[in-house]
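Proteins get letters first, then strands, A, B, ... in listed order; numbering begins at 1 in each.
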There are 2 protein chains.
Amino acid sequence: MQRNQNITELELYIKSYFEIASSKDLHSITSLFKLATIKKGEFLLKPGKHCQSLSFVQSGLLRMFVTTNDKEVTQWISKQGYFATDLSSFIFETPSRWTIQALVDTEVYTITKNDYKKLGDIVPKWAEIEKLFLVRCFTLLEDRIFSHLSMTAEERYNFFFENHKELFNQVPLQYIASMLGMTAETFSRIRKKQLM
Amino acid sequence: MQRNQNITELELYIKSYFEIASSKDLHSITSLFKLATIKKGEFLLKPGKHCQSLSFVQSGLLRMFVTTNDKEVTQWISKQGYFATDLSSFIFETPSRWTIQALVDTEVYTITKNDYKKLGDIVPKWAEIEKLFLVRCFTLLEDRIFSHLSMTAEERYNFFFENHKELFNQVPLQYIASMLGMTAETFSRIRKKQLM
DNA sequence: GTAATTTCTTGATTTTTATCAAGTGCTCTA
DNA sequence: TAGAGCACTTGATAAAAATCAAGAAATTAC
């Protein structure tokens with residue numbers, strides 16, 4: 001029962017985005033994802049390693065970041081219903097550039113590279129589903145670039161706040177600041193302004 | 001002869017990035033792309049339209065941009081060996097967000113949505129090639145976001161200059177400035193500094 | 001529950017970048 | 001070849017954002 005309920009998030013996700021998938025296909029896909037728990041502070045991926053898995057966040061939060069000489073840059077925070085991986089490393093089997101770390105105890109449905117490769121054989125429409133998924137991701141990144149070309153820090157703050165309110169009291173704000181391309185101080189001042 | 005030489009760029013591209021494709025597959029793919037010429041100033045795509053085609057630049061330059069109330073934002077400039085399309089519109093058949101316009105007379109190899117759909121049936125490994133292509137694009141965008149999270153305007157200028165020198169005397173510089181997320185004035189000042 | 005650590009805020013200051021306003025030079029065209 | 005439009009530069013100024021330095025507040029560890 002608990003098990004069924006857990007799998008629901010991932011199934012729901014695929015179902016809602018890819019109507020294309022039949023119930024049978026849906027089950028073929030999700031059954032290859034294994035539930036795992038990552039404790040707060042633990043790492044799902046470290047830079048230089050080959051990323052061997054693709055994870056779907058069932059609950060909790062994962063942060064993807066890079067540490068350069070002087071500073072740490074947060075690229076993305078995956079909340080419930082989002083995926084986390086170093087896509088390039090996962091697909092091309094190159095060394096990973098990102099660190100992925102749990103911000104809180106996090107439940108993930110994880111598929112290994114090996115099982116991932118099987119999907120094409122098992123699920124007739126997998127190629128199509130995968131394509132649609134990748135294009136969706138591509139478009140999100142395109143939008144994010146656009147936000148840096150056309151918006152001020154304050155506009156990016158507001159836009160992100162509208163779409164991810166719940167993160168603002170679950171995540172150290174410095175990480176959101178970094179992800180939006182501003183310092184923690186600037187973030188703090190914008191935040192104050194918006195709350196008044 | 002001329003014809004053979006022309007097709008080469010696209011074939012070379014696919015060949016060099018996707019070793020996976022056999023000569024036969026290669027020809028199946030490229031033969032669906034039709035050569036077309038877009039005169040300087042003409043449009044390949046206008047916002048609101050459904051993007052019906054994917055184009056590969058054989059020679060010339062295409063600019064992808066958005067016009068908002070107050071300003072025009074250049075998202076990308078496709079030079080020889082690059083593709084141009086509104087990917088989201090092309091795949092999901094939604095209204096396009098971008099304008100794509102030729103900066104100079106431009107030769108493109110273009111495939112229609114209809115023909116594109118056939119590729120999966122004609123080329124056994126198409127799904128794999130397409131996936132690799134999309135992941136490559138995804139990674140480029142990821143890098144671009146990272147550049148906005150971690151670099152100053154000057155660093156972005158230098159990085160782009162290193163990788164796309166030839167654009168600097170082929171394209172109105174204001175477009176490159178916009179694409180890098182800075183004003184034409186800032187771009188001009190950085191440029192002066194680098195030339196001295 | 002208290003100390004230690006981390007996160008967040010605030011103020012002062014500097015740096016970066018945008019904006020505004022001219023002016024120069026180039027290119028295309030008639 | 002004159003002149004109309006662009007594209008680019010330059011300077012002065014304003015605005016945005018970063019940096020530096022304390023402190024306050026919250027969280028974690030003991």
Within the 6.0 Å centroid threshold, strictly below: A/Phe33 and A/Phe56: no

Length of the line joining B/Phe168:CZ and D/dA7:C1', which is rounded to integer Å: 16 Å

Atom-pair distance (NZ on B/Lys39; C1' on C/dC28), nearest Å: 17 Å

Rounded distance in Å - CE (B/Met151) to P (C/dT17): 13 Å

Gap between atom NZ of B/Lys40 and atom CG of B/Leu61 - 0.5 Å precision: 10.5 Å

Salt bridge present between A/Asp115 and A/Lys118 (N-O < 4.0 angstrom): yes

A/Trp126 ring center near A/Phe133 ring center (under 6.0 Å): no

Nearest-Å distance for atom pair OH/C1', residues B/Tyr157 and C/dT16: 17 Å

Protein-nucleotide distance (B/Ile190, atom CD1; C/dA18, atom C1'), rounded to Å: 12 Å

Pairs involving residues 167-185 of chain B, ordered by first then second residue, that meet side chain to side chain donor-acceptor pair (under 3.5 Å) (sequence neighbours left out): B/Thr183-B/Thr186

Rounded distance (Å) that lies between atom C1' of D/dT28 and atom CG of A/Asp105: 14 Å

Side chain to side chain, A/Trp98 and A/Trp76, heavy atoms closer than 4.5 Å: no

Minimum side-chain heavy-atom gap B/Asp25-B/Ile14 below 4.5 Å: no

Touch class at under 4.0 angstrom, heavy-atom based, for A/Lys40 against every strand present: sugar-phosphate

Base versus backbone protein contacts along nucleotides 5-13 of chain C [heavy-atom cut-off under 4.0 Å; B, S, -]: --SSBBBB-

Between P of C/dT19 and CE of B/Met182, the distance in whole Å: 14 Å

Separation of atom NZ in A/Lys71 from atom P in D/dA18, rounded to whole Å: 9 Å

Spacing of CG belonging to A/Leu54 relative to CG belonging to A/Leu87, to within rounding of 0.5 Å: 8.0 Å

B/Lys24 NZ: over 12 foreign heavy atoms closer than 6.0 Å: no

Inter-axis angle, terminal five-pair segments of the helix from C/dG1-D/dC30 to C/dA30-D/dT1 [nearest 10°]: 50°

